[in-house]
Number of protein chains: 2
Amino acid sequence: MAETAERLDITAARREVLGQVLDTWSVLVLEELCESPRRFNELRRLLPVTQKSLTATLRRLERTGIVERIVISDRPVAIEYRITRLGKTLRDPIDAILAWVEQHLDEIDRARARFDDEAAT
Amino acid sequence: MAETAERLDITAARREVLGQVLDTWSVLVLEELCESPRRFNELRRLLPVTQKSLTATLRRLERTGIVERIVISDRPVAIEYRITRLGKTLRDPIDAILAWVEQHLDEIDRARARFDDEAAT
DNA sequence: AGTAGTGGTATCGCATGGATACCTGGTCTA
DNA sequence: TAGACCAGGTATCCATGCGATACCACTACT
C-alpha cells in the first residue's frame, strides 16, 4: 500500500505538470517562442488558436515559469512574450517529441487505417 | 499565404497526433506498458484512472498503433495490452519529458508561488 | 448459492475549450 | 474630427470530454 501511495503521489505531481506542459497549444506556442519572442497577435496569426485559448495558454506558461510577459510599451499597449531560461530547457525534449511525430506520421496513418478497416468489418 | 497554409497544414496533422500521444493518461499508460505487458484491471490498479478513460486511452493508443490488444484467453475473458514496436520508439522522447518534469518540479513550484503572490498583490 | 474478479458499456453532471461578440484604448488617414 | 484599423484582452454561449457511478455478461472460487 505504501508502494502504491508513493507511486500515486509521484504521478499526481507529475500529472499536473505534464498536463500543462504537454498541452497541444503549449507545445506549439513554445516552439514559436523558441524561435524568437512574439507578440500576442503575432502568435494568433501563426497558430490556429483562439484568443481565449491563447490567453489561457500564455497565462499557464507564465505561471509555470516557462514564458515571460514583458510590457514593451505603455502608451500603445504592446506586450511581448519570450521564453525563459527554464523554458529553454524544455526545448530539447519537446523537439524530440515533435521529431518523433514527423517521423512516424505515415506509420500512424497506416495503423489508423488498418484499425478502422478492422473495426468496420 | 502559401507559407501560412502550409504551416497550418503541418501543425494540423501534428496537433492531432500530439494531442493523442501527449495526453496525460497515454503517457502514463505507455510508461507502464514499457515495463511489461499489463492487463486492463492491472493498469487500473496502477494508475488513478477511471475505467472509462482507461478504455478510451487504450483504444486510442491501439488505433494509433502504439499498443496491441491481445486476447490471451477466451473462456475466462483475459486481455493483455502490450506495447508495439512503434510504441517503443516513443519511449525515449517520453522519458526525456518525464525526466524534465522530475528535474524541474521544484523550480516550477517556486515559479508558481511567485506568480500567485504577484497576482494577489 | 453467493461473492469476487474480468473486461467492459451506459448514463449523468460538471469542467474545459472553441467560436463568437464585444470592449478599451491607441494610431493613422482623410 | 470622424472612420477604419490595430493592440490585447474579457464575457458569453455552447459542444465536447472526463470523472463518478451504475450496470452487465461471464467465470472462478468456496
Side-chain angles (χ1 to χ4, degrees), chain A residues 4 8 11-12 14-30 32-33 36-64 67-82 115 118-119, chain B residues 8 11-12 14-29 32-33 36-64 67-82 115 118-119:
Chain A
T4 308
L8 297 189
T11 54
R14 262 183 182 170
R15 277 208 305 138
E16 225 217 307
V17 177
L18 272 180
Q20 310 231 334
V21 161
L22 296 189
D23 166 79
T24 307
W25 294 130
S26 298
V27 169
L28 298 179
V29 164
L30 217 65
E32 291 304 334
L33 294 188
S36 94
R38 306 271 192 210
R39 308 281 300 275
F40 184 88
N41 282 318
E42 202 176 349
L43 286 170
R44 275 194 68 197
R45 273 179 249 111
L46 288 168
L47 304 170
V49 62
T50 60
Q51 254 174 351
K52 184 185 167 184
S53 299
L54 181 55
T55 302
T57 299
L58 289 170
R59 287 283 181 287
R60 230 182 301 128
L61 290 178
E62 192 194 351
R63 187 170 109 93
T64 314
V67 310
E68 247 177 331
R69 183 178 184 278
I70 297 173
V71 178
I72 54 179
S73 162
D74 266 339
R75 297 288 216 26
V77 179
I79 285 152
E80 193 180 77
Y81 292 93
R82 54 168 67 232
F115 182 91
E118 283 166 21
Chain B
L8 296 189
T11 55
R14 264 183 180 171
R15 277 208 305 138
E16 225 216 308
V17 176
L18 270 181
Q20 310 232 333
V21 160
L22 296 190
D23 166 79
T24 306
W25 293 131
S26 299
V27 168
L28 298 179
V29 163
E32 291 304 333
L33 295 186
S36 95
R38 305 271 191 210
R39 309 281 300 275
F40 185 85
N41 282 318
E42 203 176 348
L43 286 170
R44 274 195 69 195
R45 273 179 249 112
L46 289 168
L47 305 171
V49 61
T50 60
Q51 254 175 350
K52 186 185 166 183
S53 298
L54 181 54
T55 302
T57 300
L58 288 170
R59 287 282 182 287
R60 231 182 300 126
L61 291 177
E62 192 194 350
R63 189 171 107 94
T64 315
V67 311
E68 247 177 330
R69 184 179 183 276
I70 296 172
V71 178
I72 56 179
S73 163
D74 267 339
R75 299 285 219 24
V77 179
I79 285 151
E80 194 181 76
Y81 292 93
R82 55 168 66 233
F115 183 91
E118 282 167 21

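Reminder, nothing fancy here: chain letters follow the sequence lines and each chain counts from 1.
With contacts defined as side-chain heavy-atom distances shorter than 4.5 Å, the pair I79(B)/F40(B) does not qualify. Put simply, the side chain of R44(A) reaches to within 4.5 Å of the side chain of N41(A), judged on heavy atoms.
Atom CD of E62(A) and atom P of dG9(D) are 9 Å apart (whole Å). Atom CG of L43(A) is separated from atom P of dG8(D) by 9 Å (rounded to the nearest Å). Here the C1' atom of nucleotide dG7(C) and the CG atom of L58(B) are 11 Å apart, to the nearest Å. If you measure from atom CZ of R59(A) to atom P of dG8(D), you get 12 Å, rounded to the nearest angstrom. What separates CD1 of I72(A) from P of dG26(C) is a distance of 16 Å, to the nearest Å. Rounded to whole angstrom, the span from the CG atom of L54(B) across to the P atom of dT9(C) amounts to 11 Å.
Taking the side chain to side chain contact (heavy atoms under 4.5 Å, CB included) definition, one finds that Q20(A) meets it with E16(A), R60(A), T64(A), R112(B), sequence neighbours left out. Residues passing the salt bridge (charged side-chain N to carboxylate O under 4.0 Å, His left out) test with E42(A), sequence neighbours excluded: R38(A). With sequence neighbours excluded, no residue satisfies salt bridge (charged side-chain N to carboxylate O under 4.0 Å, His left out) with R39(A). The side-chain hydrogen bond (donor to acceptor under 3.5 Å, both in side chains) check on R59(B) picks up nothing, with sequence neighbours excluded.
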Check against side-chain contact (heavy atoms from CB on, under 4.5 Å), R15(B) and L28(A):
CA-CA 9 Å; R15(B) 277 208 305 138; L28(A) 298 179; 3.5 Å; yes
Could you pull out the protein-nucleic contacts involving nucleotides 5-7 of chain D (nitrogen or oxygen on both sides, under 3.5 Å)?
from	atom 1	to	atom 2	distance (Å)
dA7(D)	OP1	R45(A)	NH2	2.7
dA7(D)	O5'	N41(A)	ND2	3.4
dA7(D)	O3'	R39(A)	NH2	3.1

Using the 3.5 Å cut-off, write out each protein N or O paired with an N or O of nucleotides 20-24 of chain C and the distance between them.
from	atom 1	to	atom 2	distance (Å)
dA21(C)	N6	Q51(A)	OE1	3.4

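Using a 4.0 Å heavy-atom criterion, one finds that R69(B) contacts the sugar-phosphate atoms exclusively. Among the heavy atoms of the strands, none lies under 4.0 Å from R44(B).
Taking 4.0 angstrom as the limit, Y81(A) places a side-chain polar atom (N or O) nearer than this to OP1 or OP2 of dG9(D).
Rounding to the nearest 0.5 Å gives a distance of 5.5 Å between CG of L33(B) and CG of L43(B).
When all heavy atoms are compared, the tightest approach of V21(A) to V27(A) is O-CG2, 3.7 Å.
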